[in-house]
Amino acid sequence: MLRASAAAELAGVPTSSLVCEGFLGQAASTSSGLGMPNLPVAVVPGHVDTQPADELERNIVEVTLARVIENLTAAPDEAVVAPEPGPTEVVFRGSFEEVNRLYYENRWSDGLPIVPPTVEAVEAFLAYTELDAQHSFGPLLPDRRAATVWSAAVNAVMAGCRPEYFPVLLAVVEALADPAYGVEHSGNTPGAETLITVNGPIARQLGFNDEQGALRDGFQANTSIGRFFRLYLRNVAGFLPWETDKGTFGNTWRVAMAENEAVLAEIGWPPQSSDFGFSAGENAVTISRYTGGGVVTSVFGQTPEQMVDYLADALTKIGGWEYVFTVGVASDTYRPLLLLSPVLARTIAAGGWSRRDLKVALWERARLPASKFERYLGEWTNLVPGRRTLEDLVNLRKADRVFKQSTDPDRLVPIVADPDHIQIAVTGDPLRTNAYVFAHNGMLGFPTAKAVRLPADWEARLATARDR
Amino acid sequence: MSGDGVGSQWVLVPVAQRRDGSWLDDTLAARSAEAGLTGRAPEAGRFPRQRVELFRGPAAEVDLEQAFRRRGWTDGLPVVAPTVGRVATLVEASGRRPAEQVGVLAPLGGVATVERVAANAVMAGCGTEQFPFVLAAVEAVCDPAFNLAGVQTTDENVTPLLVISAPAARRDAAELNSGFGVLGPGWRGNATIGRALRLVLQNLGGGWPGALSFAGAGQPGRYTLCVAEDDENCPWEPLRVGLGSGPDEAVVIAVRAESAVNVTGGLDEVVSVMASATSAFTALHGGSAALLLAPHTAAELAGQGLSRRDVAASLAERAVIAESVWRRFWVASAVKGGPPPGDVPVLVDPDRLLIVVAGGTVPIPQHVWFPGWGFPPAHVARAVPPRR
């Protein structure tokens, strides 16, 4: 919302942004990040959804309106944006304990000890890219700092990454800076968390765990790269709890995930990155933001037909309000992710199903009554104003016709408009018949994949790196 | 974590940034240099641009004291080191978030967060009982009606006078004096709450003497100026009740006050002092002022059936500067086109006089006249929530 106001002000149009009381701090930080710390805001007291209509009206008339008029008629103060310490400036010299205390007190760390990012340690990472240290992948909101190679290396050192992870980390940062991903939404109140998927031979070269415990800490590549992502959001994008990060509950960062490509090769399925144009054998990372997830245990059956109903049921159940990203808000951006253990993937493939066949079968079965879908849109929530029915939205051409195949409120409608909107990845314990479903945050963290660019002498460097 | 070394101090940086992240001290250092003012703060602007700073080793406290003084962060008296722990204790007791914004301080637009106000409060010697009063005082002076930009930059000697109206339990807990020597030393509450506000005005607002604050002489009240109302000897309802608060609640009232003028005697003597050159700016601005009224006189007046407002009305009516006198005052020459004809009342409205019953119960009563300064006429009050 403040981004729209900033654009309008830049175009010379006066604005007044209505800000709920609970968001004033975020508004102050966000407007500074937009380079307009003086953006005029008008406070709306309390939380609008919990106020009776007469109280809300009184608040708007007595408190908000006067400020709106003032904001639209008076010229805002002159804005100046202050320089920060230079990106390569040494800010402190001290012991390990002192550095850690300083970084924690300055809110530069997540509360765990960090590895002090000395110039020497940072330079070891820079040796793994041919890009210039000050190369920028773009500015990151809300603080609008440049996503540089240098800052990636600094946060990578802090997170406990090894230098040879750097090509993967740079691909992650490149994805983060891609407008399609939507980094600016990372402080929204649902507090979703991003999952990084690594595809290609580099995953095993770097020692990623793609088997039992694939989403568990305990493996340096998975763990430290996951941590890196959160530190980068904190220190470069500028998401801080109590300020720009309004996640109601939040979530710890997720360890990075690798697909089991040996199994994929064996059953002839393409990797998750194939959904974004990459082929098996190409090194790529995908980032995507998930609101939550749940395990689906003891998937029973000897054929795909016997298994698919249970998996589809899980896709429908793990999710709910998120379907507004299918129809309602930023339609067609919901991308749930189903993880299959190798034994499940092998069984399904043995039944003659391709990865695409599975998607279609899931799409046909992962359905819910239209009336329930509509409650998520605007009865149980206030996400889509105006109590729109799916029928209305189809008539307005805001939803695919699949959502209006009849007018029966009990008709079953899918959770996504297109089978290809269901993502599938294979990882985890090879011999357990469990699956996992992630509900997705739509355009507020849209799946974005980037190629991993290796330095020319990668193999040789890797060989040395492993012995260090 | 251990290993910091004996006596090392992790302290909060107690100075402010604007909303755009820039540091006030850079402006202050530049202005001081332009004005040739290097004596008070020879190391102005030389500090790490971070939330915290580390002073190492057994001499940490001494080094810190010297560094803070040379950077222009003190009032010239020794300060208590605003260590991370001490500041956190105050913030926690306030029940508020460290990064929460209390106000934006004129003239330089420093953002006063709860944490940075707490750092200055620690430096001033506040404890958890005093800190809520400091937060309320900062909120009050940030109210546009207080005209802090004027107070900070004018060449007059104005300063915020803090009047606290609170039940006995709160006054006792915060060690606030309302009796003998109410304007004098000896009580932690009066000494540190007023001092904390001064450090806030200086460190978070930029009110450096000679650089941005142009008061010619200043006044001793710029170290601290904080009085408590004497409920027990006040014959009228407490000020807070008149402001709409409950008798068990606490309130801070900020008044723009020029130097305190002692008046021994009764209302006649008060009128005589009020209707003098001390009140030139009160009269010129049609402004508000404050009077500490001795308990003895208050009792006598109440005994005659007079209310607090009756007393204010009587003073407003009688404190008039004769036209012939006024025309000889310097301020009269400042009126565009010359002063209008007629005698000049010091107070255009009795409600612009804040009468505070405070001071010792001596039979020869002593009152204190605080002439006001500046627009708009205002006494700005803020409730003080109890500490957690």
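Order of the sequence lines fixes the chain letters, A, B, ..., with proteins taken first and strands second; residue numbering starts at 1 for each chain.
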J.: Answer whether the closest heavy-atom distance between the side chains of B:W10 and A:E98 falls below 4.5 Å.
T.: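 With C-beta onward as the side chain, the pair touches.
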J.: Got more than 12 heavy atoms from elsewhere within 6.0 Å of CD, B:E34?
T.: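 Yes, because the 6.0 Å sphere around CD of B:E34 holds more than 12 heavy atoms from other groups.
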J.: So among B:V52, B:L54, B:V84, which one has a side chain to side chain contact (heavy atoms under 4.5 Å, CB included) with A:R101?
T.: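 Filter result, single survivor: B:V84.
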J.: Just how far is it from atom CG of A:N106 to atom CD of B:Q50, taken to the nearest 0.5 Å?
T.: 4.5 Å
J.: Is there side-chain contact between B:P48 and A:F92, with at least one heavy-atom pair below 4.5 Å?
T.: no
J.: Is atom OH of A:Y104 surrounded by more than 12 heavy atoms (other residues, nucleotides or ligands) closer than 6.0 Å?
T.: no
J.: To the closest 0.5 Å, what do you measure between CD (B:E53) and CD (A:E105)?
T.: 13.0 Å
J.: For B:A99 and A:R107, work out which heavy atoms get closest and say how close.
T.: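 B:A99 and A:R107 have their closest heavy atoms at CB-NH1, 4.4 Å.
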